[in-house]
Structures are given as C-alpha cells and as structure tokens.
Number of protein chains: 2
Amino acid sequence: MRRISADPDSPAGLGSAAAPTTPLNNRAPLDRRKILAAAVEVIDEDGLKQFTMRKLGMKLGVEAMAIYRYVHGREDLLNGIVEHVIDDLYGDPDVHMSTGNWQDYLVRVSHGVRRIALAHPQVFPLIATRPPAAPWVRPPLRSLRWMESFLDTLKTCGFSDAAAVAAYRSFSSFLLGHLLLEVSAQGADTSPIEQQDPEDPPPSDMSSYPLLQRLESELSQDHSAEEFEDSLETLLERLDRLNPRQAGEGPAPSTHVN
Amino acid sequence: MRRISADPDSPAGLGSAAAPTTPLNNRAPLDRRKILAAAVEVIDEDGLKQFTMRKLGMKLGVEAMAIYRYVHGREDLLNGIVEHVIDDLYGDPDVHMSTGNWQDYLVRVSHGVRRIALAHPQVFPLIATRPPAAPWVRPPLRSLRWMESFLDTLKTCGFSDAAAVAAYRSFSSFLLGHLLLEVSAQGADTSPIEQQDPEDPPPSDMSSYPLLQRLESELSQDHSAEEFEDSLETLLERLDRLNPRQAGEGPAPSTHVN
DNA sequence: ACCTGAACACCGTTCAAGT
DNA sequence: ACCTGAACACCGTTCAAGT
C-alpha cells in the first residue's frame, strides 16, 4: 500500500518547536503534492478544526503565504487534500487488481476505503462532506477515475446501465454511513464539555434513561469491523439480485480480508 | 418571513418573576432558543461556511458579543443547533405516536429525519459530523432521549438487548449514509471551481471516461426518494430476522408515507 | 523563480463600561 | 439585568518587495 502521509521520519511531537527539522528537502522548492501530504499530516495530528494555513506553513518550514503559489486558496487546498487521499488509494494495486469478479472488486474497494478512513480519521469527515463537483459524484469515491472504474467493472460483469448506477449509489451510501460513524466514534471523547443552562435537564444524568443505563456496556462494545463485513455481505447479495447475468457462481465470497 | 420560531407562548405559567413590561418595541431580551432558531435560519440562508457570530448577531438585531451571555462560545452554539433541530423532531407527535409496531416506528423516524435533512440541507452535515458526546451516541439521532425511545420501542417488541443495539447501529448508519449523500448532492453546483495544474488531466474533459459520458443521463437522474424507501424496506427485513419474537405479522409494511 | 514583510478585512472572545 | 465599545489574538489573502 502506498503511503499517504509522507515523512514517517518526521518527529512525533513537534508542538510549537520552531525547527521544521526536515533537513534534506527543505531546500527543494515546495510543490503541490508536498503541500497536500503535509496538510494531511497536520490534520491527522491536530484535527481539522485546528488546521490553519499558518500552521501548514510552519510544518513546511515556510511562511503561510508561500503556499498560495501552489494552491488557489483554502478551499482549493481542502479539495486537493481529499483528491490526494482518494487518488492515492486508486493507485493501490491490491485494490485494483482485476479478477473479473465484481464482488471481489467491491470488497477490495471497501476495505481500501475503510483503511484510509481509519488511517486518517480526522480527514475522513472532510472526504465525506466536501461539496461534490457534480451531484452524481458521490463521496467517498469522489473522483471520475473511481466512478469510471467502478462502473466499468460492473458493466463487464453483465450489469445493465441502470443496475450499475443503482449499485454505485447503494455502495457509496453504505460506505459513507458506516465509515463516518466509525471514525466519529473514534474521536468521541475529544468533544468539548457542554454546559447546560439550569432550566434544562442536568448534563449527564442517566436516571431518566433506564434502558441506556442497562445497555451501556452493550452499547460501548465496538464491533465495527464485523458490522462492516456483515453489511457489506448483505449489500453484495442485494446487488447480486440486480445483475441479470446470474453466472451461478454460488454465494458471495466472504468479505473478510485474508 | 422573518420569524422562525413562532413563539406564540408568552412566558406564561412561571409568573413568579414579574415580567418587566416589554413595550411594543420588540426588544424582548434574547434567549437561548431564539438564538438557536435564528442560527438555523442563517445557516439555511448563507451556508455553514458563512455562518459567523457577527452575522448571527446582526440577524438578532444585536451585537455579536451579546450572544455570549446565552451560549458558551461557538462550539457550544454549534452543538446547541444540532440539539435544537433534532429535539424539535423528537417533539413531533406524528413521529412519536405509538402503534406497538417497531417497523412503523422506524419508518416514521426515518421519514421525520429525512424531512429535517431536506428542510435544512445546510445544517445536516453539521448534524452528521459533530463529535458525539459518547462513542455510542450516533448521528443523526444524537440525543439520549432518542436512543432511549428507539431502544425502548424495540425491546417492547421483543428484541433482545444485543439485537436492539445491533438494530440501532444499522439504522443510524443507513440514515446517515443516505441523507448525507442526498443533501450533499443538492448543494453540488455551489462548489468552487477548481483549477488543476497543467500536468494533471484537464479539468472537465470527459474523453477519458467513456462510461461516465455514456451514463451521464442515468447518473443525473434523481431517484433518492425511491432509493431511500427501498433501502429502508431492505433494512427492516434484515432487522426482522434479528427479532426472535416472530409475531407472524406478515411482511414489513410499505415504507411510503401516506 | 521562489519566498517574505507588511498590510487588510474579518474572525472569536473577553471585559470593563454603559443603560 | 442585559447589551455595547474597545481591545486582543488569530485568521485567510494580496501584493509589492526582497533574494
């Protein structure tokens, strides 16, 4: 798998230490890809909310304004980050190897996207909510290349036009729903403490929610991986019914990664 | 239309504190609920990105700093908005009327949440991505009241603890995936024009995506309502299999709202 | 050719002061 | 009791000027 965050060598906790400490390349003249990679790194470290042009400049050992040579403002940068992360996955040969089986393909794509979601939980909400270029370009597979590849695979396996499009829609909504909830659960404790005004029910008083109290341990357990596989398998079965060319190849393959 | 909250109820009831005679001058003293309602209105009009303390103050006929009497900073305001919108739905008697049938309940909740998503497409991404109070409080039903009501309904209909929790998870991921994609498709054209550097494939050159070209009209058609109903029905059937108490009540009801 | 300094408009937020 | 003015630290962004 290709690395998404460049610079695994960069120091772990840099804090407000002034030194950029990227010795070899800090004379190389900056470049769009370097900027995007650094941006992903900064977001992974400090969260989207803290992500700032000035902080990104600091990470790159440069004043913030230098970035504007390579990027058309903050909005363009954000779009670029999303593109960068998702196109990086597109290059992954593990995902794109072709077996002529659409189920295999969807499983590989699913696991690939899940991998980047879990690797960059802070970036994923961005992938999920950026306004799409066109209404039919859906997150999280937000590029024309991805769509073409997706539809091509299904068409090759005998799907009708309508069925391929329907599959694309079901698939993206499945991926988005699952992964967004999974990553948002991950960063849950970071949420700011909310103070209520005294007229409202007291903050974390569970006494009015007996069922929640009783089921708290059930609710706290994390089965996201299994749930993901189960949902994916259900989806594949459902999509299979859309495909008129029933090759009689038996049930959908296990979705579990080897 | 100016007002968002009808506010027909004067603070009747708790009349112990003598209400100062407020003249016709609608200088009623501001209040958390009024602020949240105005915030929703501002976001609906100008989008989340443009939403600003100062703009909200302007809408309320007040300087921005006045808001801080009622709200603990911007983060708290954002959480409050989400709460406000979702709790508003909680009060809807159409949603909460009880028929003792969990499928009916889920259908009503689904349609209710979809209704607010479509009514406030700019607010919904906020509902979807705010960090939850606890990892198991999932969007878009992000309140303890909702969870309690949801789980209670399922328990009453015979679900086991584990099945009720599993249903809660499947349901929220279904809702979130569908609605987020639906509202993001709605605001798609608003997205900023992105400029690519000359080394990358030209911007909107479709020539390398023959399938996309051919399927463009298929892709552009909006079937979100039907897709929503279909997915919901599939989900209900799947959840039905989780429920050991098979009351033999026949197939899941049609999800279409009457 | 690539970056910086200074500047501008605009944020969120605090707090003493007004009414 | 409720709001405002002034102030502060920090944004994104532009542009002339440095190297």
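Letters A, B, ... mirror the listed sequences (proteins, then strands); counts begin at 1.
At a threshold of 4.0 angstrom between heavy atoms, the contacts of B:M65 include nucleobase atoms, whether or not backbone atoms are also involved. Nucleic acid contact class of A:R69 (heavy atoms, under 4.0 Å, all strands): base.
Distance A:L56 CG to D:dG12 C1': 13 Å, rounded to the nearest Å. Summarising the geometry, the separation between CZ on A:R54 and C1' on C:dT4 is reported as 13 Å, rounded to the nearest angstrom. Summarising the geometry, the separation between CE on A:M53 and P on C:dC10 is reported as 18 Å, rounded to the nearest angstrom. B:L77 has its CG atom 15 Å from the C1' atom of C:dC11, to the nearest Å. A straight line from CD of A:Q50 to P of C:dG12 spans 16 Å, rounded to a whole angstrom. Going from atom NZ of A:K55 over to atom C1' of D:dA9 covers 13 Å, rounded to whole Å. Taking atom CD of A:E63 as the reference point, atom P of C:dT4 lies 5 Å away to the nearest angstrom. Separating the CD1 atom of A:I67 from the P atom of D:dC11 is a distance of 12 Å, rounded to the nearest angstrom.
The residue among A:K49 and A:Y70 whose nearest nucleotide of DNA chain C is located toward the 5' end is A:Y70. Map B:A64 and A:T52 each onto its nearest nucleotide of DNA chain D; the residue landing nearer the 5' end is B:A64.
B:E148 places a side-chain N or O within 3.5 Å of a backbone atom of A:L212 that can act as its donor or acceptor partner. Counting only distance, with no hydrogens or angles, the side chain of A:R142 and the backbone of A:R130 share a donor-acceptor pair below 3.5 Å.
B:Y70 does not carry B:R32 over the face of its six-membered ring by the limits of under 6.0 Å from the centre and within 45° of the normal.
A:M147 places a side-chain heavy atom less than 4.5 Å from the side chain of B:L219.
Ring-plane geometry between B:W146 and B:Y90 is classed as perpendicular, the angle between the planes exceeding 60 degrees on a 0 to 90 degree scale with a lower cut at 30. Aromatic ring pairs are classed by plane angle as parallel below 30°, tilted from 30° to 60° and perpendicular above 60°; the pair A:H178 and A:F228 is perpendicular.
Taking the six-membered ring for Trp and the full ring otherwise, A:F171 and A:F150 have centroids separated by under 6.0 Å.
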Task: Structure string for DNA chain D in dot-bracket form, Watson-Crick and G-U at under 3.5 Å, | interchain - done: ||.|||||...|||||.||
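If you check C:dT13, D:dT4, D:dG12 against the side chain of B:Y68, the one that comes closest is C:dT13.
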